[in-house]
Every structure is written in structure tokens, then in C-alpha cells.
2 protein chains.
Amino acid sequence: MSAPTRRERLRTATLSEIKDGARRLLVTGGIEAVSLRAIARDMGMTAPAIYRYFPSLEALVGGLAGDLYDELRQHIETARDAAGPEPTEQLTQMCRAMRRWAVGHPAEFTLIFGNPVPGLAEFTDSCVDPDHPGARFGAVFLGPFVELTRSSRLPGPPTHELRRLLDGHLTPLAVKHGELPIEVAYAFLSAWTRLYGLVAMEVFGHLSWAVDEPEALFETELVALLTQMRPDDAGDGLTPGAARH
Amino acid sequence: MSAPTRRERLRTATLSEIKDGARRLLVTGGIEAVSLRAIARDMGMTAPAIYRYFPSLEALVGGLAGDLYDELRQHIETARDAAGPEPTEQLTQMCRAMRRWAVGHPAEFTLIFGNPVPGLAEFTDSCVDPDHPGARFGAVFLGPFVELTRSSRLPGPPTHELRRLLDGHLTPLAVKHGELPIEVAYAFLSAWTRLYGLVAMEVFGHLSWAVDEPEALFETELVALLTQMRPDDAGDGLTPGAARH
DNA sequence: TTGCGATAGTTAACGGCGTTCACCTTAATG
DNA sequence: CATTAAGGTGAACGCCGTTAACTATCGCAA
């Protein structure tokens, strides 16, 4: 409540200088360039001093990952808020924002969405905590899906089929975000894995053997994905049963 | 042509012993456990000896990655050959085989389909070579898609839309596998990124915050994906225009 | 004001890593 | 048989994370 003491100010300043240094190393040289000695060197310090701020390198990287989750989430929330009230339009802009951030920050994206870094396992596992940055991130994407189901039936396998295949297997999601209609949960997970596949393959370079301009493929997939999400308005041949007009 | 000399036999034996050791370390401790010193230790050798067989650790890991590509490809080819002649059925079994291998060999999957390992960049980039294990791998999945288009129209955005969005951006694919109808190329890439997203998220642990039993989600997505690929037989509401019945 | 304890930094060291170099042994070859 | 190349060793260099012992300084209470 009271004003921070001088000591506290110095401490938080050093703390963010450490994180800034770590991020700079991450961006320029990838995760394996992030070392306590290099961070300390850049700060004009010695490596053991950092142990006054983080118990280990892994903890430092974990903290950095949390910050990145929040940064990406805010980036996406901004895009959503600029998109107006229509959930489909919101989703479009959010997916684009996701890709834009990932392509513009490949090292950061890799850290939080790539292979679990050895010591980051506990960080990934601790996602059961709803306050976890990863869980907060997921909630942002879930929002428009919940909204979507108010106005229109979602496509995909029929409800009884979904129940047969998925019932009881989505408990972590239910625990975190409350009980959801199974169609909503499935539509969300389906879209999320598709978005992840597209973006991760591009950022990791697993698409370059086939595609020149990954953005073109992304936009094409995005159209297909969102057309499925909006069964009323029949943009193309993908729309189900209730034929337009 | 002639029988290998004694020296050659010893050399190839040592070479595969090195690779076996590397793989064992990869499986038990992840990529960061693979070190020249550890491999040599397990063989009763010293680390510099390995430089008679590989110019660097990165080269060794690159060779291992190539072997893994081939192993996975053969695993998937076996599944395809056991699935009979129907391309949709082939694709189903191939996707399942892909996931099975990935879940059963997470460290290996991570090596070839995760973040590019620092020194593996040149390996990834050299995929322009059609003899590259990665390119051969892609060709296996492409096969059934080409086959599919003979019997049925593929779903997805209409051709003129695909041309508008993708024309000229798929040249690497065309260079490698010959000119393909744009619907085939798109259907293939779409399915491939979806499969990748599902499998990679599961293996990397990015799904555990939402899903108990990733296989259930996988099977659900697989049904949805393949139903789209088979517009004639209308399993669910996803089938386009030409309404069944 | 003095003294004391927590805080933030240092240096030195341990063991691990990739890699290079000089050296040695052994196997194949003319 | 002499030579040459291949395969392997040991020592060393410069990285790395981490620990331990030590020191200076800052802020607060007697």
C-alpha cells in the first residue's frame, strides 16, 4: 500500500533489467543463447548475483515465458476490441493477431508454444491453475466461441456423435471454464489446434518445403475455418445441410 | 560392389553404435541429454574419437533426424499398405499411424517436428532436395490425396477463390512433386497442418490443460477431417452443396 | 549516533559441455 | 618390410549452471 522503499525500487529495476537482458538474448540467439553468464555480462555483473533474483536459470526462463503469454494475450485482446462486436469478425482478427505476433516474434513464440524446454515442464504442468498465464490466454479465445453459439448452430459432427466420442474427456477444460456445451468445447479445440498447426509450422520452418508465402495459406485456411463457424451465411461450398436459399 | 573390407565393417559398426547411443540418450533424456561425451562414455571411448565419424555434434543429430524421418515414413507406409486400396481409408490409417508413432516416440517426434534445433537449421532448409528424408515423407501423404481427386470433388473454397489466394505461392511444392491441381495442393496442406496441430499439441503437452484423453479429440477431428474429404458419402452436417438423398 | 542484520554483490571453485591439438598405436597397402 | 592413413587418447581452452565463502552497503532500531 505505502510507497515502495528505495531498496524495493532498486530491486524491481534490477529484476526487469535481468528480464530485458534475457529477452534480448532470446530474440537475437534463441533460447540456447539465454545464459546467466551472458545476462550478467551484459549488465556488468557476475552470474551468481542473479541468484538473488531467481533461484535458477529455469525459473528465470519460466518467468519470461509467463510475461510473453501475457504480452501475446494483450496483443490479441487489442485486436479483438478493435474488431467490433461480431464474434466471427473478432475471431478473424484474433487469429490474424496471433499469427502476426508469432511471425514477428519467432523466438518468443517458440519458447511458449514449442517443445517444452526441459525445466519448463513444471511451468507447463502448472496450467491447472486458472490464474496461470496460459489459462488466461486460452480464455480469451474461448470467449467468441461462447458468443457464437448464441446466434447460430455450430457445424461439425452432430451432438450425439460428439458426446459418444468426447464425453468425460474434456474435464480439465470444464474445471477451468465451467461446464460448456460439448459443441462449443469441440469447436473451440478444433479451431485452436488448426490455428496452432498453421502458425507453428510456419514459424518452425516446417512449411517452407511446400509454400512460398505462408500468409497466403494462412488466409485461405482462415476463410475455410471461419466459414465453417458461420453456417448461416454460406460463403462457399462448405456450408452444411440447410442449403442457402 | 566388392565385399566390404574389415576396416569398413568396423567403421560402419562403430558408426551405428554411435547413432544407437545418441538415440538412447535422446529417448531417455531429451535432446539436451545427447552429448558427445555421454555417447562416448557409454561406448567406453573418449569424446574426440567421435570426430572421426561426425564433424560435429550438430551433424550427428542431423543424421539421427534423417534416420527418424525414414523410420516414421516406413511406419506410415506400412499402415497405408495394410489399409487396402481406398484412399480415404488409407489416409485414416496413415494419420492414426502418425499419431501413434509420435505419442510412442515423443522425443524423436520433437526432434524432427518441433522447434528447429540450432544447428539443424541447415538440415531443415536443405529440404529443397527431393531426396531429403522430409520431402520423401511429404510425398507419402500426398499420394492418397492425388488418388482422392480422381473419384470425387474435393471440398473447401471454390477453385477460383483458391487461385486468387494461393496462385504462385505453392511453387516449392510444385517444383518437388510436379504441378498439382490447386484443390489437391490446398486439401493436402490443409489436412497436413491440421494433423500436425493435433499431434504436436498433444506431444508437446499443450493440450493437457483442456483435454484428458487426447486420443478422443484426435479421433473426433479425424472423423471431421475425413468426412470433408469424402463429399459423396455425407456422414454428417459438413457435407457441401449437393445434398445427400 | 551507533550498531546490527538483511541485502546485494564479489571471487573461487566444481563438474559438465563442444571442440582442437599433439601424440600414439594399429591396420592396410605398396 | 616400410610407409601411410585411420582410429583413438589425453590435455587443454573457453563456455556453461551452480555453490560456497566472503564483503560491502543500505536501512532501521536502540
Side-chain angles (χ1 to χ4, degrees), chain A residues 2-22 24-26 28-65 111 117-123, chain B residues 2-22 24-26 28-65 111 117-123:
Chain A
S2 63
T5 72
R6 170 185 159 76
R7 273 261 255 261
E8 284 168 345
R9 273 187 295 115
L10 284 179
R11 184 174 179 84
T12 59
T14 307
L15 216 140
S16 65
E17 191 183 350
I18 292 173
K19 281 195 186 174
D20 289 352
R24 195 166 353 101
L25 288 166
L26 175 69
T28 58
I31 185 63
E32 84 282 1
V34 180
S35 76
L36 292 181
R37 293 188 127 107
I39 297 171
R41 212 165 21 236
D42 291 355
M43 298 173 63
M45 283 197 346
T46 59
I50 300 186
Y51 283 84
R52 300 284 174 189
Y53 299 87
F54 294 94
S56 68
L57 174 64
E58 290 175 0
L60 197 168
V61 174
L64 184 55
L111 177 61
V117 176
L120 235 61
E122 94 241 3
F123 177 80
Chain B
S2 62
T5 72
R6 170 184 160 76
R7 271 262 256 262
E8 285 167 345
R9 272 188 294 115
L10 284 179
R11 184 174 179 84
T12 59
T14 309
L15 216 141
S16 67
E17 191 183 350
I18 292 173
K19 281 196 187 174
D20 288 353
R24 194 165 354 100
L25 289 165
L26 175 70
T28 58
I31 184 63
E32 84 281 2
V34 180
S35 76
L36 291 182
R37 292 188 127 109
I39 297 171
R41 212 166 19 238
D42 290 356
M43 299 173 62
M45 284 197 344
T46 58
I50 300 185
Y51 283 83
R52 301 284 174 189
Y53 299 88
F54 293 95
S56 69
L57 174 64
E58 291 175 0
L60 198 167
V61 174
L64 184 55
L111 178 60
V117 176
L120 236 60
E122 93 242 4
F123 177 81

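As the structure is a computational prediction, the values presented were derived from the model and not from experiment.
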Whole-Å distance between [N] [atom2] and [X] [atom1]?
{"X": "L10(B)", "N": "dA28(C)", "atom1": "CG", "atom2": "C1'", "value": "12 Å"}
{"X": "E32(A)", "N": "dG17(D)", "atom1": "CD", "atom2": "P", "value": "12 Å"}
{"X": "D42(A)", "N": "dC16(D)", "atom1": "CG", "atom2": "P", "value": "10 Å"}
{"X": "I39(A)", "N": "dT18(D)", "atom1": "CD1", "atom2": "P", "value": "11 Å"}
{"X": "R52(B)", "N": "dT25(C)", "atom1": "CZ", "atom2": "C1'", "value": "12 Å"}
{"X": "E17(B)", "N": "dG8(D)", "atom1": "CD", "atom2": "P", "value": "10 Å"}
{"X": "F54(B)", "N": "dT20(C)", "atom1": "CZ", "atom2": "P", "value": "16 Å"}
{"X": "I31(B)", "N": "dG18(C)", "atom1": "CD1", "atom2": "P", "value": "11 Å"}

Hey, what do you get for [atom1] ([X]) to [atom2] ([Y]), rounding to the nearest 0.5 Å?
{"X": "I50(B)", "Y": "R52(B)", "atom1": "CD1", "atom2": "CZ", "answer": "12.5 Å"}
{"X": "Y51(B)", "Y": "T46(B)", "atom1": "OH", "atom2": "OG1", "answer": "11.5 Å"}
{"X": "M45(A)", "Y": "L36(A)", "atom1": "CE", "atom2": "CG", "answer": "9.5 Å"}

Review point. For the base of dG18(C), is there a side-chain donor-acceptor partner from R37(B) under 3.5 Å away?
Key: yes
Where the side chain of [X] is concerned, which of [options] is the nearest nucleotide?
{"X": "S35(A)", "options": "dT19(C), dG17(D), dC17(C)", "value": "dG17(D)"}
{"X": "Y51(B)", "options": "dC17(C), dG8(D), dT20(C)", "value": "dT20(C)"}
{"X": "M45(A)", "options": "dG8(D), dT18(D), dG9(C)", "value": "dG9(C)"}
{"X": "A49(B)", "options": "dA8(C), dG8(D), dA12(C)", "value": "dG8(D)"}
{"X": "R11(B)", "options": "dG7(D), dT19(C), dT10(C)", "value": "dG7(D)"}
{"X": "P48(A)", "options": "dT19(D), dT19(C), dA8(C)", "value": "dT19(D)"}

Study note, to complete from the structure: In short, I39(A) meets A22(A) closest at the heavy-atom pair CD1-CB, 3.8 Å
Check your understanding: Would one find a side-chain N or O of R41(B) under 4.0 angstrom from OP1 or OP2 of dC17(C)?
Key -> yes
Practice item. Begin from the C-alpha positions of K19(A) and F54(A) and carry the test side chain to side chain contact (heavy atoms under 4.5 Å, CB included) through to its verdict. Key: CA-CA 10 Å; K19(A) 281 195 186 174; F54(A) 294 94; 4.0 Å; yes
Check your understanding: Is T46(A) touching bases, backbone alone, or none of the nucleic acid, heavy atoms closer than 4.0 Å?
Key -> base
Exercise for review: Show your working on side chain to side chain contact (heavy atoms under 4.5 Å, CB included) between V34(A) and L64(A) and close with a plain yes or no.
Suggested key: CA-CA 11 Å; V34(A) 180; L64(A) 184 55; 5.6 Å; no
Study note, to complete from the structure: Rounded to 10°, the angle between the first-five-pair and last-five-pair axes of the helix from dT1(C)-dA30(D) to dG30(C)-dC1(D) is 20°
Review point. Please walk me through it: do L25(B) and D42(B) pass side chain to side chain contact (heavy atoms under 4.5 Å, CB included)?
Key: CA-CA 10 Å; L25(B) 289 165; D42(B) 290 356; 4.1 Å; yes
